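These figures come from a predicted structure and were not determined experimentally. Sequence lines set the chain letters: A, B, ... in the order given, protein chains first and strands last, and positions in each chain run from 1.
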Amino acid sequence: MHASITMLGIVCLLSVAVALAIIGRHLTKKPALTFATKMTLLFGLGVFPASAAVSSTVTGMEATTHRSFCGSCHSMDAYVADANDPLSQSMSARHGRNPYFGDHNCYTCHADYGLLGYPLTKLNGMRHVYEYYLGGWRNKTPEETLADIHLRKPYDNDNCRQCHTGTLPDWALIPEHAALEEELQSNQVSCSSGGCHGYAHPFSKPDGASATGLPPSALTDEGVESGLPEAARQKLREARRQRAEREAAIEREARQAVEKKREAARDAAQERQATPAGSATAPPASTGGAP
Amino acid sequence: MNLRRLVTRWSPNKLIKIACWLAIPALLMMAWSVMVPTVVPVLLGMSLGQGLGVLAFLCYLLAVLSDTWRQNEASREE
């Protein structure tokens with residue numbers, strides 16, 4: 001529940017109050033149906049209720065994007081508690097601490113991106129309500145909920161990319177991104193798979209089994225590969241091999257450069273030793289010392 | 001006209017009364033959805049509440065129509 005009522009909410013409540021006052025007056029005083037009565041009732045049964053309907057719909061739709069709304073079903077208790085935990089390092093909690101959409105983090109990440117994203121997300125929400133009240137989820141224990149809850153379809157990477165754009169050159173410089181571009185586009189590989197950017201929630205199930213926390217391998221190379229299809233794994237290994245080669249080449253060049261500098265310094269020292277002692281004691285011109 | 005005869009048969013005052021009693025729960029549901037924005041109030045406010053509100057307004061329109069046609073008929077008879 002929200003701590004405060006928005007401006008539109010106040011408009012709705014005022015409209016309701018005025019409409020109820022007009023209706024109540026009509027029901028108690030029972031005036032004759034004159035033109036004036038009809039006009040008054042037009043406001044009491046038409047204008048103010050319409051204003052209340054519009055403002056309550058906008059307010060209600062806005063309310064459905066808040067984390068507290070998602071948390072109003074007990075199935076989501078653990079998820080909301082994790083997102084609210086200031087010490088949690090899960091992806092959802094870190095996004096929840098982002099000031100740009102903090103309290104809207106469930107909706108922002110789970111709402112489908114695109115033209116039909118909003119209505120489709122709302123329709124999907126209606127299915128959640130049906131499942132909760134009529135599908136038996138309401139009576140499940142927290143443990144049963146965590147074990148049974150799952151995504152209906154693969155998580156759409158476009159939802160990540162609406163903020164984390166993949167069109168910048170830097171994005172493609174990451175070998176994992178470059179190698180798995182196709183798989184990421186087609187959602188065969190999720191940005192939030194174990195080992196890539198990590199699971200979104202501490203209860204995410206890497207292999208369909210119930211997990212109680214992030215697997216230790218979640219942020220290692222092996223962790224990334226563990227959840228990938230064979231073809232993607234091969235591409236990823238190839239990209240890593242190329243990266244390793246590139247890094248080795250850079251390191252080699254750097255070593256050679258250092259070696260050259262050392263040799264130059266050695267040569268300079270030998271030259272200084274070879275020159276007469278009198279000229280060696282003279283101050284260098286660059287220091288600007290006294291003659 | 002069948003529609004005209006049907007509508008004028010309904011008492012405008014009764015229709016207004018029905019409209020008022022339909023509008024009251026509709027308005028209360030909308031207010032509830034704003035004050036307690038959780039699943040049930042929001043769903044009720046946006047579905048049943050608005051449905052009842054539309055029904056109430058239709059009853060009001062029918063009452064006005066019925067009253068107007070009745071007055072026309074009465075003036076024609078005079």
Regarding Ser75(A) and Lys140(A), do their side chains bring together a donor and an acceptor under 3.5 Å, going by distance alone?
no
Honestly, the part of Tyr133(A) sitting under 4.5 Å from a heavy atom of chain B is side chain
Checking heavy-atom separations under 4.5 Å from chain B, one finds in residues 15-36 of chain A Val16(A), Ala19(A), Leu20(A), Ile23(A), His26(A), Leu27(A), Leu33(A)
Within residues 39-46 of chain B, the residues sitting under 4.5 Å from chain A by heavy atom, in sequence order, are Val39(B), Val40(B), Val42(B), Leu43(B), Met46(B)
Under 4.5 Å to a heavy atom of chain B? For Ser56(A) that would be both
Bottom line for Leu8(A): the part with an atom under 4.5 Å from chain B's heavy atoms is neither
| Short question: side chain of Asn84(A), backbone of Val80(A) - any donor-acceptor pair under 3.5 Å? | yes
Hey, can you tell me if His110(A) and Tyr155(A) have their rings parallel, tilted or perpendicular (30° and 60° cut-offs)?
perpendicular
Nearest heavy-atom contact between Thr38(B) and Phe69(A) is C-CE1, 3.5 Å
Requested in this report: Measure from the side-chain N and O atoms of Thr68(B) to the backbone N and O of Val64(B), and report whether any donor-acceptor pair falls under 3.5 Å.
Outcome: yes
Notebook entry, point to check: Any side-chain donor-acceptor pair under 3.5 Å between Glu62(A) and Thr6(A)?
Noted result: no
dist Tyr79(A):OH -> Cys70(A):SG (nearest 0.5 Å) comes out at 12.5 Å
Say whether, by atom type as modelled, one donor and one acceptor occur between the side chain of Thr59(A) and the main chain of Val34(B) under 3.5 angstrom. no
| request: Answer yes if the side chains of Ser90(A) and His201(A) hold a donor-acceptor pair under 3.5 Å, and no otherwise. | output: no
If one checks every heavy atom of Leu13(A) against chain B at 4.5 Å, the contacting part turns out to be side chain
_Would you say Asp82(A) and Ser92(A) are linked by a side-chain donor-acceptor pair, where the criterion is simply a distance under 3.5 Å?_
yes
**Request:** Would you tell me whether His66(A) and Asp103(A) have side-chain atoms, one donor and one acceptor, within less than 3.5 Å of each other?
**Result:** yes
